[in-house]
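Numbering of ligands and ligand atoms starts at 1, following listing order. In what follows, every heavy atom counts, from backbone to side chain, and hydrogens, waters and symmetry copies are set aside.
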Amino acid sequence: MPEKIAHIAIAVKDLKAAKELFSKLLGAEAYHEEDVARQRVRTAMFRVGQVTIELLEGTDEGSPVTKFIAKRGEGIHHISLEVRDIEAEIARLRNEGFAFVHDRPEQGANNSRVAFLHPRSTNGVLIEISEHAQPRGR
Ligand code: CO
């Protein structure tokens, strides 16, 4: 079962400008930036308490984030729920009747493994489940 909200991801057209804006909004700099080639996104992450706000910019026209913005404009792209065992969670949710965008977990940011539920099975909200690499020395 999901243990917490790992992050809320926001689709943005211009990551550099959005990063500046969110730095002002949150009074802190991004703690992590990464190009996630597999997902065709560039990301900047901010911490707000236990939750991360993740800004996402598509890296090319074929990026799901670029397509999302073309269709719906900038805004909340997905909510990520953290799980301990992603395979077990995919099996549990399939059993409950949820549809997934992909069959298997994919590589996400920060060495996480992620899987997206199809928004048609979750009231139009794209939900990601993510399993995070074991934190070392923390
Ligand atoms: Co995510």
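Asn123 contributes no side-chain N or O that, together with a main-chain N or O of Val125, makes up a donor-acceptor pair within less than 3.5 Å. Between the Ser130 side chain and the Arg113 main chain, no donor and acceptor come within less than 3.5 Å of each other.
Side-chain contact, Asn110 with His32: a donor N or O sits under 3.5 Å from an acceptor N or O. Side chains of Glu128 and His7: a donor-acceptor N/O pair is present below 3.5 angstrom, by distance only.
Distances under 2.8 Å from the Co ion (ligand 1) pick out the protein N/O/S atoms His7 NE2, His78 NE2, Glu128 OE1, Glu128 OE2.
Salt-bridge annotation for Glu20 and Lys24: absent, with no side-chain N of the basic residue lying under 4.0 Å from a carboxylate O of the acidic one.
The environment of Asp85 atom CG is dense: over 12 non-hydrogen atoms of other residues, nucleotides or ligands sit within 6.0 angstrom.
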